[in-house]
Amino acid sequence: MFLIRPAVLLSLLCLSCGANPGTQPSPAPTTPFADELPSPLRDGPWSPSPACKETAASVLARLTTEQKAGQMTQVAMRYLTDKEDLARYAIGSMLAGGTDFPGTDLSAGAWAAWIDEVRKIALRSEPGIPLLFGIDAVHGNAKSTGAVVFPHNIGLGCTGDPDLVRKAARVTALETRGSGVDWAFAPVLAAARDERWGRTYEAFGETPELAALYGTAAVQGLQGASLRSPGSVLASIKHFAGDGATLYGTSHMDNAFLDRGDVRLDMARFRALAVDQYIPAIAAGAGTVMVSYSSYMGTKMHGEKHLLTDVLKGELGFAGFVISDWEGIDDLPGGFASDVETAINAGVDMVMVPDRYREFIAAVVSAVPDRISLERLDDAVRRILQVKCEMGMFDEGYSPKTDPALTAKVGCDGHRQVAREAVAKSLVVLKNAGLLPLTPGARIHVAGSGADDLTIQCGGWTVTWAGEGRRTEGTTVLSALQKRARVTWSLDGSGISRRTDAGVVVVGEMPYAEWHGDRDDLHLDQGDRRAIANMEKSGVPYVVILFSGRPMIVTDEIDMADGFIAAWLPGSEGDGIADVLFGDVAPTGKLSHSWPAAMEQIPINEGDKDDQPLFPLGYGLTW
Ligand code: BGC
Ligand code: BGC
């Protein structure tokens with residue numbers, strides 16, 4: 001259990017958008033969505049209001065078994081072959097998966113238009129229950145091309161500033177809503193124990209304490225003080241449980257070692273590393289929990305009744321609903337019909353099918369009441385309806401239409417400002433041999449694969465699933481430096497002249513998602529090493545900025561360089577990096593991971609090895 005003090009006085013969020021400071025006498029400051037500021041942590045788990053319990057019970061009472069199964073269904077955009085099926089089957093939810101798009105225009109307005117249309121169709125079902133629409137807004141609502149992209153959680157875990165994380169999640173909520181979406185599949189609460197894992201960057205760090213502290217703040221920011229307010233989104237704490245604690249070599253995915261693997265720890269250790277961090281996030285009111293693809297002692301979490309039902313819903317008192325992960329039930333032993341039964345009987349309430357939704361509904365209908373009890377069916381649907389009620393979906397004035405005022409603010413300056421601050425605070429200075437901060441106006445040579453590439457700077461879950469290819473809007477390191485210094489640039493650093501004051505070389509990992517990011521070699525690639533070598537050869541002092549989803553093995557590079565900064569996957573606001581480089585913001589970031597000196601040290605975590613890491617958890621220089 002963790003002690004997280006109720007957020008003391010929550011700083012007022014002035015996310016002014018489009019205001020032109022200084023030209024008009026300023027009106028009395030207003031706080032947009034002041035009523036949604038996060039409420040202090042409750043003692044004990046959140047539970048639905050008596051009014052919503054009553055509403056859910058009365059809606060439930062008039063549903064047929066097929067309509068109940070429909071409410072338990074989540075279908076992905078690409079698999080909804082006939083939009084009218086939403087009404088026909090009273091489908092409860094849709095999602096935009098990693099590679100689902102509304103068309104070629106990926107602006108918030110285009111997303112909102114597409115989603116508004118399906119919401120309208122869903123409302124025409126016989127019971128007329130509104131549709132929940134989910135997306136992986138894991139670092140901003142990054143699937144919309146104009147949205148602000150925040151640092152991935154690994155960087156936020158270095159900020160030492162849960163209020164800032166809460167604020168970032170608030171902006172994410174506003175932008176997610178502005179794109180028509182009311183459910184964010186975030187935050188990840190894993191303690192990421194092994195840097196070879198491809199999802200390390202989605203977690204706040206290597207300890208459950210970091211996950212609890214920042215994850216709870218993120219839930220508060222996403223959901224606001226009330227799920228009902230127009231700028232709040234439903235959060236999904238994930239992936240319950242054990243996703244970051246799997247044993248190397250146990251994954252069943254091709255070319256993967258850890259993702260979707262097995263956790264082999266005794267129950268007490270498992271609870272301490274992978275379950276306890278959910279307690280404060282549940283107290284903060286997280287409305288949904290997403291199940292992990294991983295397994296515990298050989299049992300897939302999607303069928304783990306003890307953990308999903310006895311522990312999560314029983315002991316921990318989770319009163320929201322449990323959503324399965326994408327095709328997660330398909331990994332269970334047996335055929336589709338038995339997968340459906342096993343998962344629902346284990347405690348899954350809504351299934352991210354995401355494809356064969358008609359088959360899913362039929363499987364549920366035929367299993368009730370013999371293989372899935374009516375009580376279990378009703379419990380699942382009641383939980384879903386209660387959350388929908390808390391979101392205001394059964395209120396008199398509920399509208400399926402996105403508020404255009406929110407759409408207009410997606411990517412606005414006020415929002416970018418919050419991300420810029422988060423970038424600056426997430427940077428961890430690992431070395432500074434007197435080079436930093438740089439002097440404004442200096443002659444600087446910029447190099448490296450990451451210097452002018454937003455896809456590398458943002459990482460996975462940005463526009464596309466793995467983050468490659470389509471770009472979003474933002475400022476690269478190169479363009480941020482060009483505003484403040486006399487900059488020359490060459491990709492491999494060979495263009496550097498001796499008459500340069502300093503070099504900045506930005507290297508890192510190509511973007512990836514999930515198991516595709518599992519790696520057993522975390523050294524820099526050849527191109528990046530060449531860029532650093534060229535800088536080194538020039539004799540000009542230089543700093544290396546590393547964009548990566550985890551600590552990498554850069555012991556030699558740190559040795560050579562005059563400065564070294566771990567910048568993680570900072571997102572769209574490269575200006576935040578320049579703020580630190582030029583000394584406008586003093587670096588304060590502290591490592592959210594122990595930093596290994598060599599591959600053989602991995603996994604390395606605070607307190608569990610005799611080996612000395614290159615830098616311990618919590619390390620970070622300032623000036
Ligand atoms: C991931 C989840 C994600 C879901 C929907 C899954 O593959 O594990 O984290 O929310 O896809 O895109
Ligand atoms: C989907 C993602 C999902 C991933 C993993 C992709 O095709 O778009 O949402 O997370 O597959 O299965």
Side-chain angles (χ1 to χ4, degrees), residues 73-80 93-102 111 115 132-144 152-154 172 176 179 181-190 192 197-204 211 215 218-219 222 233-246 251-254 256 258-261 274 278 281 286-295 300-302 321-331 343 348 350-355 357 459-467 511-518 549:
T73 307
Q74 186 180 61
V75 53
M77 282 168 78
R78 84 194 77 156
Y79 297 119
L80 185 70
S93 181
M94 278 194 80
L95 89 148
T99 47
D100 283 322
F101 304 105
W111 275 100
I115 295 169
L132 271 170
F133 199 103
I135 208 163
D136 290 289
V138 295
H139 62 150
N141 186 33
K143 284 182 68 68
S144 287
H152 269 297
N153 289 343
I154 192 170
T172 298
T176 302
S179 302
V181 177
D182 48 19
W183 183 3
F185 303 133
V188 168
L189 293 190
W197 185 36
R199 306 193 77 162
T200 300
Y201 66 87
E202 295 187 58
F204 292 102
V219 168
L222 290 171
V233 296
L234 182 63
S236 207
I237 45 181
K238 67 186 190 182
H239 306 81
F240 190 87
D243 49 348
T246 56
S251 172
H252 64 272
M253 306 300 282
D254 285 346
L258 289 149
D259 196 43
R260 310 191 181 195
Y278 283 81
T288 71
V289 170
M290 190 185 291
V291 183
S292 180
Y293 283 126
S294 55
S295 48
K300 285 282 169 201
M301 283 302 305
H302 281 83
F321 69 85
V322 173
I323 171 94
S324 62
D325 202 346
W326 179 280
E327 287 177 349
I329 69 167
D330 300 88
D331 286 346
V348 171
M350 182 184 278
V351 174
M352 190 187 292
V353 185
D355 43 2
Y357 54 95
W461 301 104
T462 311
V463 189
T464 59
W465 178 48
Y512 50 80
E514 300 190 42
W515 71 98
H516 294 292
D518 278 11

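Here the structure is a predicted model, which means the values were calculated and not measured. Heavy-atom basis, side chains included; hydrogens, waters and symmetry copies ignored. Atoms within a ligand are numbered from 1 in the order they appear, just like the ligands themselves.
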Undergrad: If we check side-chain hydrogen bond (donor to acceptor under 3.5 Å, both in side chains) with Trp461, which of these qualifies: Glu514, Glu202, His139, His152?
TA: Glu202

Undergrad: Are any of the N/O atoms in Lys238 less than 3.5 Å from those in ligand 1?
TA: yes

Undergrad: Are side-chain heavy atoms of Pro511 and Thr462 found at a separation under 4.5 Å?
TA: no

Undergrad: Any salt bridge between Lys238 and Asp136, counting N to O under 4.0 Å?
TA: yes

Undergrad: So is Asp325 polar-close to ligand 1, meaning N/O to N/O under 3.5 Å?
TA: yes

Undergrad: Can you name the side chain to side chain donor-acceptor pair (under 3.5 Å) partners of Tyr357, sequence neighbours left out?
TA: Thr81, Asp85

Undergrad: Mind checking whether Val188 contacts ligand 1 via backbone (N, CA, C, O), side chain (CB onward), both or neither, at a 4.0 Å heavy-atom cut-off?
TA: neither

Undergrad: Going by the atom numbers of ligand 1, which of them fall below 4.0 Å from some non-hydrogen atom of Phe185?
TA: 10 (O)

Undergrad: Which one holds for Trp465 and ligand 1: side chain close, backbone close, both close, or neither close, with close meaning a heavy atom under 4.0 Å?
TA: neither

Undergrad: Which atoms of ligand 1 have any heavy atom of Leu95 under 4.0 Å away?
TA: 5 (C)

Undergrad: For ligand 1, indicate whether the residue Glu202 contacts it via side chain, backbone, both or neither (heavy-atom separation under 4.0 Å).
TA: neither

Undergrad: Distance under 4.0 Å to a non-hydrogen atom of Arg199: what atoms of ligand 1 satisfy this?
TA: 1 (C), 2 (C), 8 (O), 9 (O)

Undergrad: List ligand 1 atoms under 4.0 Å from His239, heavy atoms only on the residue side.
TA: 2 (C), 8 (O), 9 (O)

Undergrad: Is a side-chain donor or acceptor of Ser251 paired with a backbone partner of Asp259 at a separation under 3.5 angstrom?
TA: yes

Undergrad: At less than 4.0 angstrom from any non-hydrogen atom of Met290, what atoms of ligand 1 do you find?
TA: 2 (C), 10 (O)

Undergrad: Run the numbers for me: atoms of ligand 1, each under 4.0 Å from some heavy atom of Trp326, listed by number.
TA: 6 (C), 7 (O), 11 (O)

Undergrad: Does Asp182 have any side chain to side chain donor-acceptor pair (under 3.5 Å) partners at least two apart in sequence or in another chain, and if so, which?
TA: Arg119

Undergrad: Evaluate the ring planes of Trp183 and Phe321, with Trp represented by its six-membered ring, and classify them as parallel (under 30°), tilted (30 to 60°) or perpendicular (over 60°).
TA: perpendicular

Undergrad: Is Tyr512 reaching over with its side chain to a backbone N or O of Asp518, donor-acceptor style, under 3.5 angstrom?
TA: no

